[in-house]
Amino acid sequence: MSVIRAVAVGYGHYLPKRVVENAEFEESLDTSDEWIRARTGIERRHFAADGELTSDLAFEASKAALENAGLEASDLDAIVLATATPDQTFPSTATKLQHALKMKGGFAFDIQAVCAGFIFALSTANSMILSGQAKRVLVVGAETFSRILDMKDRGTCVLFGDGAGALILEAQEGTGESADRGILSTDLNSDGAYNDLLYVDGGVSSTQSTGVLRMQGQEVFKHAVSKLAATGETAMQAAGVTAEDIDWIVPHQANLRIIKRTAQKMGVSMDKVVQTVQDHGNTSAASIPLALSVAAANGQIKRGDLLLMEAIGGGLAWGAATLRW
Ligand code: UT7
């Protein structure tokens, strides 16, 4: 049976130049490189320069993805950009990116599911491709989380970083089997009962200010392991594959301990898990496309590999996707 699949045809990423090592936080906070490494796996992260915006990071990653795919912006039908740190309240960062890429026509919009944003954006783009609404979609995750950190809160400010990753999806024919290239399944979830576990204490309607990130880390940790393993299982079942078929887990890069426990729960060994958390920290919606792009560029992920992506963040919102590269 012939079906349409959303196939990845290009990838790219961008990291701001400034690298902030763990040790830099020791100067202003009661923390240590040792604590941060042991509890999170993070060694360093990148922070955007003054005046460098989320759309700038998205632009560099998107340019790289277009180049990688051998495409021009005019070849795209749509841009779906996941971010919780937009340039402005409105218009969307996606339309700023559309303009920067000199893309005429088509449409662009943002998606907000915090750290799970890229999975939600990927699922939305997949649906648009399967329904025939678009043939080529640029899916971007881009964040400047450094702008919403309380630099006096050692429990959160050491965890996050800035960056962007981009993936281009294209409608191609498949057979409907799990051997097809492209997105094989997606699974989305949220539960607003957990709003207060991870949030920003400001906003347009509530305080007319931006606010800073607040998190009950231990509580989020507990939810993360069980919910990520469950959504991963659901996505694998929907694709008709098992943990043994997975070549690479590309997880949300928040904490190495969460990544390890989730992989263990799903029965996938750590040598099949892409790890970038040590160099990027948690870049929220950018974390999965960044990890994807790094692993594809360094030859870890090869054409035909079966990938499982999973992420959780504020909302709580969480989800997973399987993709044959
Ligand atoms: O992307 C969205 C999803 N977010 C996540 O997945 C984050 C999930 N949570 C986590 O990754 C972990 O809970 C954290 C890394 C945030 C914290 O690790 P933890 O092992 O859960 O530590 P904890 O919060 O239980 O804190 C243990 C101790 C506390 O001190 P006391 O009360 O035992 O004296 C903290 O005050 O560590 C202290 N602590 C720190 N010490 C040095 C907290 N942050 C720091 C720090 N440096 N940066």
Side-chain angles (χ1 to χ4, degrees), residues 20-45 82-85 112-121 141-146 148-163 165 189-192 194-200 212-232 249-263 265 273 275-278 280-291 309-320:
V20 179
E21 300 286 343
N22 287 346
E24 206 173 311
F25 290 98
E26 294 175 2
E27 293 162 20
S28 53
L29 288 171
D30 180 15
T31 188
S32 64
D33 175 42
E34 199 187 355
W35 189 96
I36 301 169
R37 276 175 200 247
R39 297 292 181 120
T40 72
I42 299 167
E43 296 171 23
R44 60 193 64 82
R45 75 289 291 139
T83 190
T85 47
Q112 217 283 45
V114 207
C115 296
F118 186 74
I119 299 288
F120 280 63
E143 303 276 17
T144 46
F145 255 55
S146 61
I148 53 163
L149 296 178
D150 174 355
M151 292 299 180
K152 292 191 192 80
D153 178 10
R154 67 178 183 171
T156 56
C157 73
V158 301
L159 304 174
F160 295 89
D162 302 337
N189 310 268
S190 62
D191 189 342
Y194 299 115
N195 273 189
D196 60 349
L197 296 190
L198 177 48
Y199 62 97
V200 166
V212 289
L213 185 147
R214 302 289 177 209
M215 178 167 72
Q216 296 181 40
Q218 263 189 16
E219 284 303 307
V220 176
F221 193 110
K222 279 185 227 153
H223 285 285
V225 175
S226 59
K227 289 184 166 51
L228 288 173
T231 186
I249 296 183
V250 188
H252 172 46
Q253 309 282 327
N255 185 320
L256 190 56
R257 290 187 294 145
I258 295 176
I259 293 172
K260 279 183 179 164
R261 285 198 206 170
T262 306
K265 227 173 156 118
V273 179
Q275 293 172 48
T276 52
V277 66
Q278 68 282 358
H280 302 166
N282 181 348
T283 57
S284 182
S287 113
I288 288 180
L290 255 169
M309 298 168 263
E310 27 93 341
I312 187 165
L316 296 174
W318 67 101

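Counting convention: from 1, in listed order, for ligands and their atoms alike.
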Under 4.0 Å from ligand 1, counting heavy atoms only, is it the side chain of [X], its backbone, both or neither?
X: Leu159; answer: side chain
X: Ala224; answer: neither
X: Asn282; answer: side chain
X: Leu198; answer: side chain

(message) If you take the nearest heavy atom of each of His252, Arg154, Glu26, which one is closest to atom 35 (C) of ligand 1?
(response) Arg154
(message) Counting only heavy atoms, tell me which of Met215, Glu34, Glu219, Gln253 gets closest to atom 7 (C) of ligand 1.
(response)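 The nearest heavy atom belongs to Met215.
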Tell me whether [atom] lies less than 4.0 Å from at least one protein heavy-atom position.
atom: atom 1 (O) of ligand 1; value: yes
atom: atom 37 (O) of ligand 1; value: yes
atom: atom 32 (O) of ligand 1; value: no
atom: atom 29 (C) of ligand 1; value: no

Ligand-residue contact atoms, ligand 1 with [X], heavy atoms, under 4.0 Å:
X: Cys115; answer: 1 (O), 2 (C)
X: Asn255; answer: 10 (C), 11 (O), 12 (C), 15 (C)
X: Arg39; answer: 19 (P), 20 (O), 22 (O), 27 (C)
X: Thr40; answer: 15 (C)
X: Arg257; answer: 18 (O), 19 (P), 20 (O)
X: Gln218; answer: 13 (O), 21 (O), 23 (P), 25 (O)
X: Val158; answer: 48 (N)
X: Ile258; answer: 6 (O), 8 (C)

(request) Could you walk me through whether Phe160 and Ile148 pass the side-chain contact (heavy atoms from CB on, under 4.5 Å) test, one step at a time? (result) CA-CA 10 Å; Phe160 295 89; Ile148 53 163; over 6 Å; no
(request) Please step through side-chain contact (heavy atoms from CB on, under 4.5 Å) for the pair Thr40 and Val277, ending with a clear verdict. (result) CA-CA 8 Å; Thr40 72; Val277 66; over 6 Å; no
Looking at [X] and [Y], would you say the former's side chain and the latter's main chain have a donor-acceptor pair under 3.5 Å?
X: Ser287; Y: Gln253; answer: yes
X: Asp153; Y: Asp150; answer: no
X: Thr262; Y: Ile258; answer: yes

Between [Y] and [X], is there a side-chain donor-acceptor contact under 3.5 Å, judged purely by atom types and distance?
X: Glu143; Y: Thr85; value: yes
X: Ser146; Y: Asp162; value: yes
X: Asn22; Y: Arg45; value: yes

(message) Suppose we screen for side chain to side chain donor-acceptor pair (under 3.5 Å). Which residues come up paired with Glu310, at least two apart in sequence or across chains?
(response) none
Closest approach of any protein heavy atom to [atom], naming residue and atom:
atom: atom 5 (C) of ligand 1; value: Val220 CG1, 3.7 Å
atom: atom 47 (N) of ligand 1; value: Thr31 OG1, 2.6 Å
atom: atom 44 (N) of ligand 1; value: Trp35 CH2, 3.3 Å
atom: atom 9 (N) of ligand 1; value: Gly217 O, 3.0 Å

(request) Provide the full list of salt bridge (charged side-chain N to carboxylate O under 4.0 Å, His left out) pairs with a residue in residues 28-37, sequence neighbours left out, each pair given once. (result)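 Sorted result for residues 28-37: Asp30-Arg154, Asp33-Arg37, Arg37-Glu43.
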(message) With rounding to the nearest 0.5 angstrom, report the CG to CG distance, Leu159 to Leu149.
(response)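 If I round to the nearest 0.5 Å, the distance is 8.5 Å.
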(request) Measure the CE-CZ distance between Met151 and Phe25 for me, rounded to the nearest 0.5 Å. (result) 5.5 Å
(request) Could you go through the side-chain contact (heavy atoms from CB on, under 4.5 Å) check for Ile36 and Thr31 one step at a time? (result) CA-CA 8 Å; Ile36 301 169; Thr31 188; 3.8 Å; yes
(message) Evaluate Ala254 for polar contact with ligand 1, using N/O atom pairs at a separation under 3.5 Å.
(response) no
(request) Show the numbers, then the answer: is there a side-chain contact (heavy atoms from CB on, under 4.5 Å) between Val220 and Met215? (result) CA-CA 8 Å; Val220 176; Met215 178 167 72; 3.9 Å; yes
